Amino acid sequence: MTNEIRTTRRLRAWHEGRPLPRGEKVNVHVGDDDEVLCLSFVRMGGESLPWGVAVGHPHQEPRIFTVPDPRDRDMVADMMVEVGKVLLEHFGHPSFASDEDEAMTMYEFRQIWVPGVSHLELLHSIAFAYARTAWERPEVEVLRALGNLANCLFVEAQRPGQQTVVVAPHALTTAFDFPSSPVRQAHLGHLLAWMGREKSRESRLRAATEAENLSVATTLDPEFERTRLESLVERWNAPPRDQRTAKGKRVARDIDNVVAEQLRHRHALVVRTIDVLRRDTRGANPGLAELVRIGTTKFARLWWDQVVRERSANPDERPYWPGLRGDNNARQAAFAYQQRVASSRQALHSLVHGDRTLQEEELQRGHGVRAKVVAVEAGGARWTLVYDFPSLPDIKVGGSMAIAGAPKMQVRVMAVSNSDRTIVVAPNWSAPKNSTGPLAKRAGDPTWRGRQLILIEDFPVHFTESSSYRILDKTESGFDILDHFRHSIATEIVEPIDGGDE
Amino acid sequence: MNPVPVPLPANRRDTRRRFEQWVKHPGCGANLVSAVHNVKMGAVARRENPSAPKEGQSSFALARGRRFEAGLVADNGERLLRAMSARQMFDRPDPHFLDFRISINGGPLADIDDAIAHTEKFLQVLARDRSFEGVVSSATLRIPKGVMLPEATLIIDALAVTMVDGRPTISVGEIKTYADRGGHTSKSDLAHARAQMGLYVHALALVLEQLDLADDIVLSLQGFLVLTHPGSNSPAVRVGEDLRYQAERARKGFELMEAAASEMSDLVGDDDGEGSTSLFDMVLAAPTSFADACLSFCERAPTCYAKAVANGDGAVLGDDVDRFLNGLSLRRADELLGGARPRNDVERDFLRRMKNPLDGVS
Ligand code: SF4
């Protein structure tokens, strides 16, 4: 049903000839400029580490870092040391504060914005390359710290509802329905072109199609790479290795110009996305504040606490850095799965009460009812309601529901009859819950009778979370399918057999 | 840097490329004609529209791929064997290595026919003499029944041979330069590599059957991937890739392709995927059917997309919209959403499904 909702909305957007707001509110948190760092990469075809990086707060000239040939691991590492310092400072790593007096004493919320999923994946490659490196080279500790931060950001990015790592096209498609195929919607330039000033559907479509010709992924368009960079890179590599830096100043600058132009384009698109969302008159969903608070705690546990442990150098309090390869065994996978279910329920729980469109989506999924109170009995301990939508809700006796817009006003389902569309519920409050507004009434107030309410399934977030910890504590999960796959996969990073790329 | 090995002969992977191209969008007539007759879509796209952008792969990526593969098999496959041994793929400490690459790829064999003959001979010897445990680089197969014209030739990057319960067991391996990021390795890249390996398993099964060796040599349904460590050129071997369903997919795919191509002429393009004007005309004249999949592989996608927009084809908004419209054109859907009166049940049904079910519920 949810997929069908998006299909019909896409058709409506096509009919209107422009992106249509999705939801009553913007359901993505956009931090203040100093909380946000925009990060864009460019990499050479076939390579897994950057050729260049643009990093900066929105509305500031980004800092651009490039190397002449990213196949030179030393040069890339030198560059990533500098990039690492910027990123680590942004996230408040105590060892990298430019002003010691202003160093964070506890983790404060920070965001990074990237132009697409491939940029997020590159963060993960950076983690693989540096988090556990045994390389003996100057400032290797910066590379390790960068690798661990990059991995934590990558891990956090997988958690539903998190607001720390924002993939710009995802932010736009969360806020709008676009009149183009979902496979095209990964391209940030394409999406923003649909939002341009053109007057008609045809001209917007033309602009969006043209925008796709400019790559915004980490890789460059192969033809562009061939015509603009191949000969420059060849020229850079012509002298013997130890003479390249001295002899190749000019060609290095030329390469930098080309790569930087690509990086600036990606950076500018991310900043435009931020501006579009900030200017949106719908305003942010108030529930985002809760997601930011939860995300701050989660990321502090994932990354900051480990940084603190690492700095304490206490052998009893070693840091526990998350693995690079994903879940190591079935038990961990089950734990991670339950955690994600809990997070996605939490995200919906936080947002649904602040956005009527999300409430409607929940009703269409059958996760709630629109119903009229027909009886208030036993001093408000029992209500009878008749629902008119959906025709077959997914409500369980014993389950809990909340009045849309008032998450704390919950009712327990006592009986359901699909034949005459009635449900009997027990409100969990007696005295008024809210001090003002139409809901500021005790449960026994007779004026509830005749009111139409939207009741949304209340999500057992804590139950799901605690069941995930129960799975983690067990040596055997109790589920056949998980115990069947108990053998673990390789977790160690095998040091490269012979490292050189030359 | 090491000199970059010369490019592979253009037809080296043609069978595989053509089969995979067809599988990506079997519903398109032009795609079938292009795959069966070996006419590259890029060439067709540029004939159709001379300013069509050239896609293809990054030249840096291609060079790296060649260098990586060449580095693995250099010095009697030392790096490859070491990486595979590190994953306990062999019982013996000194696994063997055989190089069936052809001379144009830096190998010792003269040409593809030579490589096919060597591979067949190797399999026959392996069935009797069980002392070989190790790797064969570029084992080359000719699929006996060939819907691909003129024949189906496949080259397996690495074929591992081990002894299981005293019987020789062969498993296919694919070499790729992308980074192994554990459980986060690109799903589409992995799916692509597994599909290729499934095709090899299917082809090996046919060849073993044809050589009457199916009872002597066990064909493993688990393959392995040789990828790179992120940020380095060192190999990372992933074992235990389940290929059961991929092999079955290949078997079914070949059958379907054969059926679809049975009526076609036996003309075929040359090794570069170029061909006579009549071949291009055949591809251009064949019916197209734009879909989401086109964007990921076909160089005619921009033209077919523009055509689909002009024809009011719902697929321009995605495959799901195409299905949702149930035969209605996008143009007609537009009119109906603009207030036009529905003319039949399909149009009434469309408007009913477009309605927000919460509107007007009493
Ligand atoms: S782009 Fe056109 S020719 Fe290519 S597969 Fe799609 S419909 Fe067929």
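Owing to the predicted nature of the structure, the values given are computational and were not obtained by experimental measurement. Just so we're on the same page: letters track the sequence lines, and every chain starts at 1. The basis for the numbers below is simple: all heavy atoms, side chains too, and nothing from hydrogens, waters or symmetry mates.
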*Tell me, with the steps shown, if N356(B) and T8(A) meet side-chain contact (heavy atoms from CB on, under 4.5 Å).*
CA-CA 9 Å; N356(B) 180 344; T8(A) 55; over 6 Å; no
_One pair to check against side-chain contact (heavy atoms from CB on, under 4.5 Å): V233(A) and F60(B). What are the steps and the verdict?_
CA-CA 10 Å; V233(A) 174; F60(B) 292 117; 3.9 Å; yes
*Starting from the C-alpha separation in whole Å, work towards a yes-or-no answer on side-chain contact (heavy atoms from CB on, under 4.5 Å) for D320(B) and R10(A).*
CA-CA 10 Å; D320(B) 58 334; R10(A) 209 175 318 131; 2.8 Å; yes
*Run the side-chain contact (heavy atoms from CB on, under 4.5 Å) check on H229(B) and F128(A) step by step: do they pass?*
CA-CA 8 Å; H229(B) 281 287; F128(A) 261 99; over 6 Å; no
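Summarising the geometry of L337(B) relative to L11(A), their closest heavy-atom pair is CD1-O, 4.0 Å, with the distance given to 0.1 Å. Nearest approach of P182(A) to L317(B), heavy atoms of both residues: CD-O, 3.8 Å. For S181(A) against D292(B), the heavy-atom pair with the smallest separation is OG-OD1, 2.9 Å.
Taking the charged nitrogens against the carboxylate oxygens, R12(A) and D334(B) have no contact shorter than 4.0 Å, which rules out a salt bridge.
Across E212(A), E360(A), R184(A), the residue that shares the most heavy-atom pairs under 4.5 angstrom with chain B is R184(A). When R9(A), Q158(A), H124(A) are compared by the number of non-hydrogen pairs under 4.5 Å with chain B, H124(A) comes out ahead. Residue with the most contacts toward chain A among T177(B), L325(B), D180(B): D180(B) (heavy-atom pairs, distance under 4.5 Å). With respect to chain B, the highest number of heavy-atom pairs below 4.5 Å among E121(A), E230(A), H15(A) belongs to H15(A).
Contact of S125(A) with chain B is made through backbone and side chain together, with heavy-atom distances under 4.5 Å. With a threshold of 4.5 angstrom between heavy atoms, D319(B) does not approach chain A through any atom at all. For a residue to count as touching a neighbouring chain, one of its non-hydrogen atoms must lie under 4.5 Å from one of that chain's; by this rule I126(A) does not touch chain B. Proximity to chain B is limited to the side chain of F154(A), based on heavy atoms less than 4.5 angstrom apart. Neither the backbone nor the side chain of L220(A) comes within contact range of chain B; no heavy atoms are under 4.5 Å apart. Using a 4.5 Å cut-off between heavy atoms, R43(A) does not touch chain B at all. For chain A, no part of Y178(B) is nearby; none of its heavy atoms comes within less than 4.5 Å.
In this structure, the side chain of R64(B) engages the main chain of G46(A) through a donor-acceptor pair within 3.5 Å.
Counting non-hydrogen atoms of neighbouring residues, nucleotides and ligands closer than 6.0 angstrom, the CZ atom of R356(A) reaches no more than 12 such neighbours. Summarising the local packing, NZ of K372(A) is surrounded by 12 or fewer heavy atoms from other residues, nucleotides or ligands at distances under 6.0 Å.
For the pair Y305(B) and T209(A), the minimum side-chain heavy-atom distance is below 4.5 Å. For the pair S59(B)/R226(A), a side-chain contact is recorded, criterion being any heavy-atom separation below 4.5 Å from C-beta on. The side-chain heavy atoms of M44(A) and S58(B), taken from C-beta on, include no pair separated by under 4.5 Å.
Remark: N233(B) CG to S48(A) OG distance equals 9.0 Å, nearest 0.5 Å. Note that CE of M354(B) and OG1 of T7(A) are 9.5 Å apart. Values are rounded to the nearest 0.5 Å.
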